[in-house]
Peer 1: 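Dropping a structure here in structure tokens format, bear with me for questions.
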2 protein chains.
Amino acid sequence: MPNKQTSVKALSKQARGGTGTTYSPLYQQIKSLLLQRLDQGEWRPGEAIPSEHELAARFQVSQGTVRKAIDELAADNLLIRRQGKGTFVPTHTEAKVRFRFLKLTPNDGHQPRSSSQIIDCTRVRASTEIAQYLQLKSAASVIRIQRLLSFDEQPTILDDIWLPSQVFKGINATTVRANKKPLYAWFESEFGVSMVRADEAIRAVAAQETAVQHLGVPAGSPLLQVDRISYTYGDRPVEFRRGLYITERFHYRHSLS
Amino acid sequence: MPNKQTSVKALSKQARGGTGTTYSPLYQQIKSLLLQRLDQGEWRPGEAIPSEHELAARFQVSQGTVRKAIDELAADNLLIRRQGKGTFVPTHTEAKVRFRFLKLTPNDGHQPRSSSQIIDCTRVRASTEIAQYLQLKSAASVIRIQRLLSFDEQPTILDDIWLPSQVFKGINATTVRANKKPLYAWFESEFGVSMVRADEAIRAVAAQETAVQHLGVPAGSPLLQVDRISYTYGDRPVEFRRGLYITERFHYRHSLS
DNA sequence: CAGTGGTCTAGACCACGTG
DNA sequence: ACGTGGTCTAGACCACTGC
């Protein structure tokens, strides 16, 4: 059975038939199709996607090909495999995923109790800088959330968060304060926005007025400034966040390989 | 042909035969064998390892199984696949690998010219802290290298590097200064030590005396302090390094997923 | 052209989680 | 006992590299 002429393979053939410029293997095409469906929300965070067997039947390819597609998605943390149970869409509600984006760890091993306090939430016009990060027109409407994270009752992180108003309709001081979940879990359940990837730029800066005020450190003392752009499916930026970390009892961890 | 009784599969059977506590799939065993050989230096950095076909024959397993083992090693940057050419042992001599461990990037895109200046190189006894990082007995003999990295003639990184004397025999002020290569490339070619993985802990600190002196920043100004433990094969730590970075025109980049 | 890694298939069997 | 993902095989064919 050399090659069946089915929907997916039709695509494949088109790609192959050309001058070879746009060749893309079958499993990559399957991967794209799965990504599309994830983006469209066909399977919600926390749910299982169809079994490999069923996907193979649906796409008219072998199970091994579906497997390779899922392998790559799992490697990028876009899916989670659980032997004997199925393959799941990750959710920031789970404890494991929840701290995936927070690399700050205590110097001693002991995991602290954390609490969050919303300082302010306003609607503002994006500066050129913020607009650029979020790929918006300059002066576009954005929501700005300022909050303080404390570990073991010690103020440790001052976050300044900007979100496109168009995407997060209905966020304001009241709704933000009413929310009990971690922010990313809330974005997921309330606005259908899944954070999938992020880029961070880290610098050492001297504490300014607002940091002094909320973190209770002396003016000019060194803070870790972590700028993060978070992306959903399709590499669309949906959050810019500037965090100021006190790295006295904590440090930012990074494994290189 | 359900299962041949060969050297490797013998291992496999032993593992399987037990109570199931120590089951490890064939490709993992192959992976371990390859890692052993890499550690022993059977294939030098930059060289190609035998083809998948040959390894399959040598280990008496199917090519697919070897493939999966190599896939995992390649995912960890322990091997590099090159279609049509072979599978290679990475080397810090290559430009791509060379900056794998340096995450500092210019704020504007433009890549600067870099230069390194050795400040000092001495033989000292390890502090308890250093000894712990390097898994040595306290007060063990270590080599300490202090150096200054400049980008576009601007002093930017002050590095303080500790190496176990036992591993790096013959490093001193003279030899270190004579060396032209990047340090990790030098370690590889001269001492047979390949840096394979590293853990970094990042903090913001205030500039002290030595930093003021060599980096030319005001006392107390914020610096990024990057503590790195580097490992060879077998997770053996062979370097501790404390870097102080000026993050004025540069930042530390990190992609999360 | 030969040799390398890369894709794809089909099928057997295993380990895990749930009834 | 069943369905899920995980392993392993054998073989065909494709794409890239270099002689």
Side-chain angles (χ1 to χ4, degrees), chain A residues 1-6 8-9 11-13 15-32 34 43 47-57 59-75 79-89, chain B residues 1-6 8-9 11-13 15-32 34 43 47-57 59-75 79-89:
Chain A
M1 190 197 311
N3 222 336
K4 277 178 284 189
Q5 183 70 24
T6 66
V8 175
K9 294 202 180 169
L11 270 175
S12 162
K13 291 235 165 184
R16 277 183 199 152
T19 54
T21 50
T22 36
Y23 165 74
S24 137
L26 243 190
Y27 76 90
Q28 288 285 4
Q29 301 176 47
I30 305 294
K31 188 181 170 188
S32 297
L34 290 173
W43 312 295
E47 284 181 16
I49 69 170
S51 73
E52 295 180 354
H53 183 75
E54 194 193 321
L55 288 171
F59 294 135
Q60 300 278 19
V61 299
S62 83
Q63 184 175 337
T65 302
V66 169
R67 185 144 241 289
K68 178 138 193 185
I70 294 180
D71 274 345
E72 292 213 344
L73 292 169
L79 287 175
I80 298 175
R81 323 187 79 131
R82 281 196 258 252
Q83 184 171 162
K85 300 178 77 173
T87 301
F88 296 79
V89 183
Chain B
M1 192 196 312
N3 224 337
K4 276 177 286 189
Q5 183 70 22
T6 66
V8 174
K9 292 200 181 171
L11 269 175
S12 163
K13 290 235 164 185
R16 276 182 200 155
T19 54
T21 49
T22 36
Y23 166 73
S24 137
L26 243 190
Y27 76 90
Q28 288 284 4
Q29 301 176 45
I30 305 294
K31 188 181 168 187
S32 298
L34 289 173
W43 312 296
E47 283 181 16
I49 70 170
S51 73
E52 295 179 355
H53 182 75
E54 195 194 321
L55 289 171
F59 294 135
Q60 300 277 22
V61 299
S62 83
Q63 184 175 339
T65 301
V66 169
R67 185 144 242 291
K68 178 138 193 186
I70 294 180
D71 274 346
E72 292 211 344
L73 292 169
L79 287 175
I80 299 176
R81 297 174 163 286
R82 280 196 259 252
Q83 184 171 165
K85 300 177 76 172
T87 300
F88 295 79
V89 182

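Per chain, numbering begins at 1; letters A, B, ... match sequence-line order. Everything numeric in this text was worked out from a predicted model, so none of it was measured.
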Peer 1: Can you check whether B/Thr65 has a side-chain N or O nearer than 4.0 Å to OP1 or OP2 of D/dC8?
Peer 2: no
Peer 1: Find the distance B/Glu72:CD to D/dC8:C1' and express it as a whole number of Å.
Peer 2: 15 Å
Peer 1: Considering only C/dT4, C/dT7, D/dC8, which nucleotide approaches the side chain of B/Ser51 most closely?
Peer 2: C/dT4
Peer 1: Write down the distance between CD1 (B/Ile70) and C1' (C/dG5), rounded to a whole number of angstrom.
Peer 2: 9 Å
Peer 1: Tell me whether the OP1 or OP2 atom of C/dT7 has a side-chain N or O from A/Lys68 closer than 4.0 Å.
Peer 2: yes
Peer 1: Nearest whole angstrom, please: distance from the C1' of C/dC8 to the CZ of A/Phe59.
Peer 2: 16 Å
Peer 1: Whole angstrom is fine here: how far is it from CZ in B/Arg81 over to P in D/dA15?
Peer 2: 18 Å
Peer 1: Is any side-chain nitrogen or oxygen of A/Arg67 closer than 4.0 Å to OP1 or OP2 of D/dG5?
Peer 2: no
Peer 1: Rounded to the nearest angstrom, tell me the gap between atom NE2 in A/His53 and atom P in C/dA10.
Peer 2: 12 Å
Peer 1: Tell me if a side-chain donor or acceptor on B/Glu47 pairs with a main-chain N or O of B/Val89 at a distance below 3.5 Å.
Peer 2: no
Peer 1: Compare the minimum distances between each of C/dG6, D/dT7, C/dT7 and the side chain of A/Tyr23, then state the nucleotide with the smallest one.
Peer 2: C/dT7
Peer 1: Given D/dG18, is OP1 or OP2 found less than 4.0 Å from the side-chain N or O atoms of B/Lys85?
Peer 2: yes
Peer 1: Whole Å only: how far is the CD1 atom of B/Ile49 from the P atom of C/dT4?
Peer 2: 12 Å
Peer 1: Please state whether the phosphate of D/dG5, meaning OP1 or OP2, lies under 4.0 angstrom from any side-chain nitrogen or oxygen of A/Thr87.
Peer 2: yes
Peer 1: Nearest heavy-atom pair of A/Leu34 and A/Ala69: which atoms, and what distance?
Peer 2: CD1-CB, 4.4 Å
Peer 1: Would you indicate what B/Gln83 reaches in the nucleic acid, counting non-hydrogen atoms under 4.0 angstrom: base, sugar-phosphate, or nothing?
Peer 2: base
Peer 1: Starting at atom CD of A/Gln28, determine the distance to atom C1' of C/dT7, rounded to an integer number of angstrom.
Peer 2: 11 Å
Peer 1: Minimum heavy-atom separation for B/Arg81 and B/Arg67, please, with both atom names.
Peer 2: NH2-O, 3.3 Å
